[in-house]
Trainee: 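Below are the structure tokens for one structure; questions will follow.
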Amino acid sequence: MIMNEIAKNLKSVNEKIKAACDKAGRDFADVTLVAVSKTKPNEMLMEAYEEGVRDFGENHVQELVGKMNTLPTDIRWHMIGHLQTNKVKYIVGRVYMIHSVDTLKLAKEISKEAQKKGVTVPVTVEVNIAGEESKFGGTLSDGEELVKEVSKLPGIEVKGLMCVAPYTENPEDNRGYFKSLKAMADKLSLKELSMGMSGDYEVAVEEGATLVRVGSSIFGARNYN
Ligand SMILES: *Cc1c(COP(=O)(O)O)cnc(C)c1O
């Protein structure tokens, strides 16, 4: 990607978040843009950093830890991908938030590691909002139970809910899912809602997202080769 493309993209994404906030009567300051930098090289993250971005999202522990060890220490790292229990120890106490808590087993491991390190880990509980086979997290009703169980664990603080909505060409298709997640968060008195990606973050913000996870609209398409 050519120079300044990232700056331009960030400006555009932020303007769209602002417009969605205005439309919904929300405060722009209540929405955090998490720049999803998976597969992207440090130079690109630093371009975003120079533009003021401090929240970065990654989905693989090894890549996350590698970037964390190299890049500025004031970055807030968000673990947004499926997390295996045997990798928990590498990120507890180092990441700002774990978004993808999808089982009680995982939460217990985070709790155990947090106690060992004397820290509290902020998390969101992942809900499989559309009940897709390919996605992690419980359904809406399982999710509620999971929130209750996870909330009892020491060293872990449930801040809110997270979902990865279905891939769609039309973001309006996901509005209903975002509404459902918002309703569930309200019912459980949870503040944070991690929802919305490049394809649907404006709709997610209109429906109450406090953390939007945007990758390709900032850094360009990912190449997995
Ligand atoms: C990759 C990823 C994103 C960002 O996806 P884009 O469509 O590139 O914005 C958001 N959330 C999760 C969980 C991801 O894995």
Side-chain angles (χ1 to χ4, degrees), residues 1 5-6 8-17 20 31-41 44-45 47-48 51 53 55-67 75-84 87-88 91 95-103 106 110 122-138 143 159-175 177-178 181 192-225:
M1 199 181 282
E5 191 87 352
I6 289 173
K8 229 189 299 171
N9 289 345
L10 275 168
K11 188 161 174 283
S12 156
V13 168
N14 274 312
E15 279 168 5
K16 287 176 182 170
I17 292 172
V31 182
T32 299
L33 172 61
V34 177
V36 177
S37 46
K38 62 193 188 198
T39 79
K40 300 297 180 184
M44 290 179 82
L45 278 74
E47 273 190 61
E51 296 301 316
V53 175
D55 291 272
F56 288 89
E58 291 281 339
N59 69 339
H60 284 120
V61 168
Q62 197 179 350
E63 183 178 354
L64 171 58
V65 170
K67 286 174 172 171
I75 289 176
R76 295 181 288 266
W77 294 100
H78 297 252
M79 176 60 189
I80 62 170
H82 180 62
L83 179 58
Q84 289 167 293
K87 304 260 174 78
V88 163
I91 63 166
V95 293
Y96 180 74
M97 189 180 278
I98 299 175
H99 292 227
S100 40
V101 172
D102 50 13
T103 60
L106 173 62
I110 294 169
V123 305
T124 55
V125 166
E126 182 166 359
V127 176
N128 186 352
I129 197 73
E132 292 174 281
E133 293 257 340
S134 58
K135 300 262 165 87
F136 295 99
K159 296 280 193 188
L161 303 174
M162 178 262 208
C163 76
V164 180
Y167 176 78
T168 172
E169 294 288 335
N170 179 7
E172 286 300 329
D173 294 346
N174 285 337
R175 189 181 291 277
Y177 294 129
F178 297 145
L181 201 70
E192 303 294 342
L193 271 178
S194 171
M195 60 186 195
M197 301 167 46
S198 289
D200 56 17
Y201 66 91
E202 293 161 89
V203 172
V205 168
E206 285 172 23
E207 296 304 331
T210 61
L211 296 148
V212 288
R213 310 177 311 267
V214 180
S216 43
S217 291
I218 297 171
F219 297 109
R222 284 176 296 274
N223 182 351
Y224 285 102
N225 293 331

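This structure is a prediction, so every number in the text was calculated from the model and none was measured. Atoms within each ligand, like the ligands themselves, are counted from 1 in listed order.
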Trainee: Is Lys135 salt-bridged to Glu126, cutoff N-O under 4.0 Å?
Mentor: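 No.
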Trainee: Considering non-hydrogen atoms of the protein only, which is the closest contact for atom 14 (C) of ligand 1, and what is the distance?
Mentor: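 Checked against all protein heavy atoms, atom 14 (C) of ligand 1 sits closest to Lys38 NZ, 2.9 Å.
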Trainee: Using a 4.0 Å cutoff against the non-hydrogen atoms of Ser198, which atoms of ligand 1 qualify?
Mentor: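 In order of numbering, the contacting atoms are 6 (P), 7 (O), 8 (O), 9 (O).
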Trainee: Under a 4.0 angstrom heavy-atom cut-off, which atoms of ligand 1 come close to Val214?
Mentor: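 So the atoms of ligand 1 that pass are 9 (O).
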Trainee: Between Thr210 (side chain) and Glu192 (backbone), is there a donor-acceptor pair under 3.5 Å?
Mentor: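 No: the side chain of Thr210 does not pair with the backbone of Glu192.
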Trainee: Tell me the protein heavy atom at minimum distance from atom 13 (C) of ligand 1, and give that distance in Å.
Mentor: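 Result: Ile80 O, 3.4 Å.
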Trainee: Within this structure, what is the CG-OG1 distance for the pair Asn174 and Thr168, rounded to the nearest 0.5 Å?
Mentor: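 So the CG of Asn174 and the OG1 of Thr168 are separated by 5.5 Å.
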Trainee: If we ignore hydrogens and angles and just use 3.5 Å, is the side chain of Ser37 paired with the main-chain N or O of Lys40 as donor and acceptor?
Mentor: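 Checking the backbone N and O of Lys40 against the side chain of Ser37, no donor-acceptor pair under 3.5 Å is found.
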Trainee: At less than 4.0 angstrom from any non-hydrogen atom of Arg213, what atoms of ligand 1 do you find?
Mentor: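 Here the atoms of ligand 1 in question are 4 (C), 9 (O), 10 (C), 11 (N), 12 (C), 13 (C).
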Trainee: Taking N or O atoms only and a 3.5 Å limit, does Gly215 qualify as a polar contact for ligand 1?
Mentor: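 It does: an N or O of Gly215 is found under 3.5 Å from an N or O of ligand 1.
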Trainee: Mark yes or no for whether Asn14, through its side chain, and Lys11, through its backbone, hold a donor-acceptor pair below 3.5 Å.
Mentor: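 Absent.
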Trainee: Looking at ligand 1, is there an atom of it that comes within less than 4.0 Å of some heavy atom belonging to Arg222?
Mentor: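 So Arg222 counts as touching ligand 1.
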Trainee: Compare every heavy atom of Val205 with every heavy atom of Ala20, then report the nearest pair and how far apart it is.
Mentor: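 Residues Ala20 and Val205, closest heavy atoms: CB-CG1, 3.7 Å.
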